[in-house]
Amino acid sequence: MEHELVEKEVARKSALIYLPISLGAALLFLFAATLFGNYPPVAKIGGAVWVGLLSLIVSMPLVTARIKRLRSPSS
């Protein structure tokens, strides 16, 4: 039972880190595409969604592993 609580805590803390990272990357892309390019709105929004999804896929396992390593007791 305690293991499940630890896993829930790790998942919650990880989500609080990797979701803002992904959202920030998507917003940064949208800002850059708006500022430096003359792209249609569909391309900007589609690109932002794509960047957000890819950064979520990459950051989720990295952040979760880091949180687990910080959470585990020292050997």
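Keep in mind that the numbers below use all heavy atoms, side chains included, and drop hydrogens, waters and symmetry copies.
For the atom pair CZ (Phe29) and CG (Leu54), the distance works out to 10.5 Å, reported to the nearest 0.5 Å. We find the OG1-CD distance between Thr64 and Glu7 to be 9.5 Å, quoted to the nearest 0.5 Å. Note that CD of Glu9 is 4.5 Å distant from CZ of Arg71, once rounded to the nearest 0.5 Å.
The shortest non-hydrogen separation linking Ser59 to Ser22 is OG-OG, 3.7 Å.
Through chains of ILVMFWY side-chain contacts below 4.5 Å, Val6 is grouped with Val10, Ile17, Tyr18, Leu19, Ile21, Leu56, Met60, Val63, Ile67. Here Leu23 sits in one hydrophobic cluster together with Leu27; the rule is ILVMFWY side chains under 4.5 Å apart, joined directly or through other members. Side-chain contacts under 4.5 Å among hydrophobic residues (ILVMFWY), followed directly or transitively, place Leu30 with no other residue at all.
A salt bridge does not link Lys8 to Glu4: none of the charged side-chain nitrogens sits closer than 4.0 Å to a carboxylate oxygen.
For Lys68, the NZ atom is loosely surrounded, since the number of other residues' heavy atoms within 6.0 Å does not exceed 12.
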